[in-house]
Amino acid sequence: MAGVHFEDLSKTFPGRGGGEPVDVIRQLNLTINDGEFLVLVGPSGCGKSTLLRLLAGLDNPTNGEIRIGPRPISDVPPARRNVAMVFQSYALYPHLSVRDNLSFGLRRSQARTTFQRIQDQAFRSTRALPKPLRVRSAREERIEARVNTVARTLELTELLERRPKELSGGQKQRVALGRAMARNPEVFLMDEPLSNLDAKLRTSTRQRIVQLQRELGTTTIYVTHDQVEAMTMGDRIAVLNQGRLQQLGTPMELYTWPSNIFVAQFIGSPSMGLLPVTVGPNATLNLGRKRIQIEGEMVEPLLQREGQHLTAGLRPERWHLAPATNRNHQAEVNHCERLGNEQILSCRLLDCDQLIQVRCSAEINISTGDTINLNPDPTGWRLFDADGEAIR
Ligand code: ADP
Ligand code: MG
């Protein structure tokens, strides 16, 4: 087992059709601890797949180094990096049975003599015969035992003789996971492995992956664009944007204390509402004609910033429906999304003409066009400076 270290890693692709070169990864420093489950998120095209491919050896970095444990891997060929990758597209061999798909990586991982190769081939062609007629091969028997264990864990035993085209999407994905597991790698790389599955199957497979990772304790990097996967699966989340690491922390750290506006908007759905404010006296914010009192941890940093223009962020669940008073904020409801357990209101704050979203109970009867009154949680505000960096 081993941690993974990206050290000052950069990757530049030559421009397509004579265009400008593209800096896809920019001086990335990131350490994934031994046995950790790291979720990697970021908008499409920000370099997530590229990062996994660099680690797997499918591409070479332009600069910097990657280490697995203490060992730099630049000069280690892909097959010997002891990394297993699972793709969104499964990438199974269509002409091989599930059994042979699972064992493929195991066979390739060690060099064999010609004699061993013939022996292994003979083992496989005779394995369906009665026991006395089978050719033995210690190596193939080891592989078979490993495949059977993995198949049991992933409930694939009944499917071992099938071809990929005879499997459902979920079954194929389990084979792809099994193939990665069978090799018992030091690091698992998963690139949006569940995005081709329907919602129900995603939930169950998500739980299975987390459980397996816990049991095996294999260092894992998991790429997703799914908010629920990001929040629930990993020990930590790394947010990437334009090849730069934006923030690294536990899901709740990122959710409650995003380090900049990008992370604030990227983590959480619906995303944090952002409002232009100026700082008033005694830890207050002026929003349009309204004065907002701040409480809690943001009071201290605000006291020295009177007069500054900032961006104030508040999550949709931090606005509360309230009676009409001078202090509360009037809003016009533009759209209601009733989700059964809750509803999401898209509204316009009348005093400052800004749009926000509000999360509230599904039981409250509100319709489009209604005017409501809102009271912001005074401890829920997050503040960002002109560069979009969080104020702490
Ligand atoms: P993500 O997985 O985060 O969506 P990728 O890592 O696949 O993003 O790609 C990041 C950027 O690198 C994209 O702009 C993509 O077009 C570019 N890119 C990826 N592979 C190549 C390549 N082989 N040649 C040139 N550009 C590439
Ligand atoms: Mg990708």
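Each ligand, and each atom within it, is numbered from 1 in the order the structure gives. Note that the numbering runs from 1 along the sequence shown for the chain. Every heavy atom of this structure was used, including side-chain atoms; hydrogens, water molecules and symmetry mates were not.
- Residue contacts with ligand 1: Gly45 is placed with a nitrogen or oxygen under 3.5 Å of a nitrogen or oxygen of the ligand (distance criterion only).
- The environment of Arg327 atom CZ is sparse: at most 12 non-hydrogen atoms of other residues, nucleotides or ligands sit within 6.0 angstrom.
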**Criterion side chain to side chain contact (heavy atoms under 4.5 Å, CB included) on Leu201 and Thr203, from CA distance to verdict** = CA-CA 5 Å; Leu201 205 52; Thr203 309; over 6 Å; no

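- By the criterion of a heavy-atom distance under 4.0 Å, the side chain of Arg16, and not its backbone, is placed next to ligand 1.
- Distance check, rounded to the nearest 0.5 Å: CD of Gln173 to CZ of Arg208 gives 11.5 Å.
- In this structure, the side chains of Leu54 and Ile66 come closer than 4.5 Å at one or more pairs of heavy atoms.
- Listed by number with element, the atoms of ligand 1 under 4.0 Å from a non-hydrogen atom of Gly47 are 1 (P), 3 (O), 6 (O), 8 (O), 10 (C).
- Here the rule is side-chain contact (heavy atoms from CB on, under 4.5 Å) with Thr31, and of Glu36, Arg67, His5 only His5 fits it.
- Counting only heavy atoms of the protein, atom 7 (O) of ligand 1 lies nearest to Ser49 CB, 3.6 Å.
- For atom 23 (N) of ligand 1, the closest heavy atom belonging to the protein is Phe13 CE2, 3.5 Å.
- Near Val24, with a cut-off below 4.0 Å to any heavy atom, the atoms of ligand 1 are 10 (C), 11 (C), 12 (O).
- Taking a 6.0 Å sphere around CD of Glu215, one finds it holds more than 12 heavy atoms contributed by other residues, nucleotides or ligands.
- In this structure, CD1 on Ile292 lies 4.5 Å from CG on Leu287, to the nearest 0.5 angstrom.
- No more than 12 heavy atoms of other residues, nucleotides or ligands shown are found within 6.0 angstrom of CG on Asn282.
- Residue Ser44 has at least one heavy-atom neighbour below 4.0 Å for each of these atoms of ligand 1: 4 (O).
- At least one protein heavy atom sits closer than 4.0 Å to atom 11 (C) of ligand 1.
- With 2.8 Å as the limit, Ser49 counts as an N, O or S neighbour of the Mg ion (ligand 2).
- At least one heavy atom of Cys46 sits less than 4.0 Å from an atom of ligand 1.
- Shortest contact from atom 9 (O) of ligand 1 to any protein heavy atom: Thr50 OG1, 3.7 Å.
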